[in-house]
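We count ligands from 1, going down the list as the structure has it; atoms in each ligand are counted the same way. These numbers come from the heavy atoms of this one structure, side chains and all, not from hydrogens, waters or symmetry mates.
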Amino acid sequence: MASKDIQVPDLGNFHDVAVIDVLVKVGDSVQVDTPLLTLETEKATMDVPSPEAGVIEALLVQRGSHVSTGTPIATVRLAETAAASPAAPAAPAAPASAAAAPSAAAAAPTATGSAAKGATAAAAAAASAPSKPAAPAVPPTPAAVAAPAQLPPINEAGFSRAHASPSVRKLARELGADLSRVRGTAQKGRISAEDLKAYVKSVLTGGGAGGAASSSALPRVNIPDFAQFGPTEVKPLTRVRRITAQRMHASWVNLPHVTQFDEADITELEQTRQTLKDRAELAGIKLTTLAFVVRACVRALQRFPDFNASLDESGENLVLKQYIHIGFAADTPQGLMVPVIRDANRLDIYETARALSELAQAARTGKLAGSQMQGGSFTISSLGGIGGTAFTPIINAPEVAILGVSRAAMRPVYREGGFVPRLMLPLSLSYDHRVIDGAAGARFAAYVASALSEVSQLIEAVP
Ligand code: CAO
């Protein structure tokens, strides 16, 4: 009996398409049109059917591989009858759902409810995406007919990041459901088929678009196919960046931010720092401006305890913390990390400086333990070593405030009838306006500025 290599049929302009499922294994008997693989493009999933009948002798791709037109998929030992009449390569199955082409669906608002309309949507998809192959004008599957126009369009970036198995991803494509909106309840937050069905049901029964992303009913940003404008390269976000993105977004949409700007005269502070720096260096300590800022914040948090607090789950109580754990943003090769100096109120200026450099070093070398990034009650984001005159930091929720520090610069300051050169440090305090009033925000920032200008209090021993 002869054997034959089965290849990926013509995929039009699609290249390097992801194999999200391999549907057969070595030894399986297949008929003509038995699905062999499921592929997932940006717009749809599609099954690749076998053009031959026979037995799978070898599999040449695996889940997670990327294939293009002509890539060998499997070797099939041909059944005798089939061997006598070689079949033409089969076209891939139709994209599972017209709704899986969100931009096209949006461009064809009448495309709902019937097979004919579904086909119109598929044609519209082809028309609106000239760089993609035309979607076959075939009636959509029952699932596609059932897919309602009310389901929000698929956000491709979010969909590809969603934690779900290939079969659930496939089902989501068939239903035209955006996985990034579905809350996963399986192990480690994985989205199960039940989660997906519950989400779709909730939307169809008028429960809203559901899911974490849509509970705030935010309009989605439409992501076009950038390749139509020129060459592109896809670079996956690092794990740290993905976590940062999620947290920043959660804070940005949940906390009403106000940023209060102020500036501190650190002329004396810098003179003192220069005199203490060499002594600190002998003890292996790098005494930077930031250590003084941490000390000033400790004093301000002791004076204004509402800034060292969090709203509880109900949003109706303020949890005042009896400890002062100060986080600071550190720029690392892996991305932004926020190590926490525990009990910063118990550390003097040298201990604070040592804690800063040890934690920053651990963060940069990937040696920071998870526990060293937890429990912060207030955060400082210092870009002073880099530059800038001001910025609006995003609060490290559930904390209620964050202090941004920009680069100190010598500036002419008008005092007692004349201009004098002073070293001025720009401060940007962002606070949660649900908890902190504008006047309190201004007082806190002014207090930090004044504490920084009274350096003797920052370097005195901690009781
Ligand atoms: N103005 C002027 N000079 C400053 C300064 C400021 N605001 N802050 C620090 N400097 C000086 C330091 O005093 C030091 O001077 P010397 O060499 O004379 O001692 C020099 O700049 C370098 O300091 P550094 O950056 O090495 O150390 P640091 O303690 O100031 O900061 C750390 C440590 C980890 C915060 C910093 O390295 C870092 O990663 N910054 C980026 C934080 C970030 O990405 N924030 C954005 C987060 S998104 O909101």
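- When non-hydrogen atoms are compared, ligand 1 lies under 4.0 Å from the side chain of L383 (C-beta onward) but not from its backbone.
- Contact annotation for S381 and ligand 1: only side-chain heavy atoms (C-beta onward) come within less than 4.0 Å of the ligand.
- Using a 4.0 Å cut-off between heavy atoms, R364 contacts ligand 1 through its side chain alone, with no backbone atom that close.
- Of the protein's non-hydrogen atoms, L290 CD2, 4.0 Å is the one closest to atom 33 (C) of ligand 1.
- The shortest N/O to N/O separation between T289 and ligand 1 falls below 3.5 Å.
- Open room surrounds CZ on R241; 12 or fewer heavy atoms of other groups in view lie less than 6.0 Å from it.
- The residue from Q274, R273, M248 that puts a heavy atom closest to atom 18 (O) of ligand 1 is R273.
- Within a 6.0 Å radius of CZ in R434, more than 12 heavy atoms belonging to other residues, nucleotides or ligands are found.
- The ligand atoms of ligand 1 that sit less than 4.0 angstrom from a heavy atom of A329 are 35 (C), 42 (C), 45 (N), 47 (C).
- Of the polar atoms of A408, at least one N or O is found under 3.5 Å from an N or O of ligand 1, judged by distance alone.
- Between the choices N396, I380, T288, the shortest heavy-atom distance to atom 30 (O) of ligand 1 belongs to T288.
- Heavy-atom proximity to S382, at under 4.0 Å, picks out these atoms of ligand 1: 40 (N), 41 (C), 42 (C).
- A donor-acceptor pair shorter than 3.5 Å cannot be found between the side chains of R422 and S453.
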Go through the steps for N317 and D312 under the test side chain to side chain donor-acceptor pair (under 3.5 Å), then give the verdict. CA-CA 6 Å; N317 303 297; D312 72 2; 2.7 Å; yes
Pair F292, I459 - check side-chain contact (heavy atoms from CB on, under 4.5 Å), show working. CA-CA 8 Å; F292 294 85; I459 59 173; 3.7 Å; yes
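- Other residues, nucleotides and ligands place no more than 12 heavy atoms under 6.0 Å from the CZ atom of R247.
- With hydrogens and angles disregarded, no donor-acceptor distance shorter than 3.5 Å links the side chain of Q274 to the backbone of Q271.
- A cation-pi contact, defined as under 6.0 Å to the ring centre and within 45° of the axis, is absent between R279 and Y350.
- Residue contacts with ligand 1, taken as heavy atom pairs separated by less than 4.0 Å, involve D331 via backbone and side-chain atoms alike.
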I would like to know whether R173 and T38 meet side chain to side chain donor-acceptor pair (under 3.5 Å); could you show each step before the answer? CA-CA 11 Å; R173 288 288 182 191; T38 305; over 6 Å; no
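- A distance-only check finds no donor-acceptor pair linking the side chain of R242 to the backbone of P236 [under 3.5 Å].
- Classified by interplanar angle (parallel below 30°, tilted 30° to 60°, perpendicular above 60°), the ring pair F419/Y414 is perpendicular.
- In the vicinity of K286, heavy-atom distances shorter than 4.0 Å reach the ligand 1 atoms 24 (P), 26 (O).
- With a heavy-atom cut-off of 4.0 Å, S406 touches ligand 1 through its backbone alone.
- Interface atoms of ligand 1 facing K277, defined by a heavy-atom separation under 4.0 Å, are 16 (P), 18 (O), 19 (O).
- Below 4.0 Å from some heavy atom of V405 lie the following atoms of ligand 1, by number and element: 7 (N).
- Scanning the protein heavy atoms around atom 6 (C) of ligand 1, the nearest turns out to be G384 CA, 3.4 Å.
- Distance check for atom 41 (C) of ligand 1: a protein heavy atom is found below 4.0 Å.
- A tilted orientation is assigned to the rings of F444 and F378, their planes being inclined by 30° to 60°.
- Neither the backbone nor the side chain of I394 has a heavy atom within less than 4.0 Å of ligand 1.
- Contacts between L356 and ligand 1, counted as non-hydrogen atom pairs separated by less than 4.0 Å, are absent for every part of the residue.
- Atom 20 (C) of ligand 1 has its closest protein heavy atom at G385 CA, 4.9 Å.
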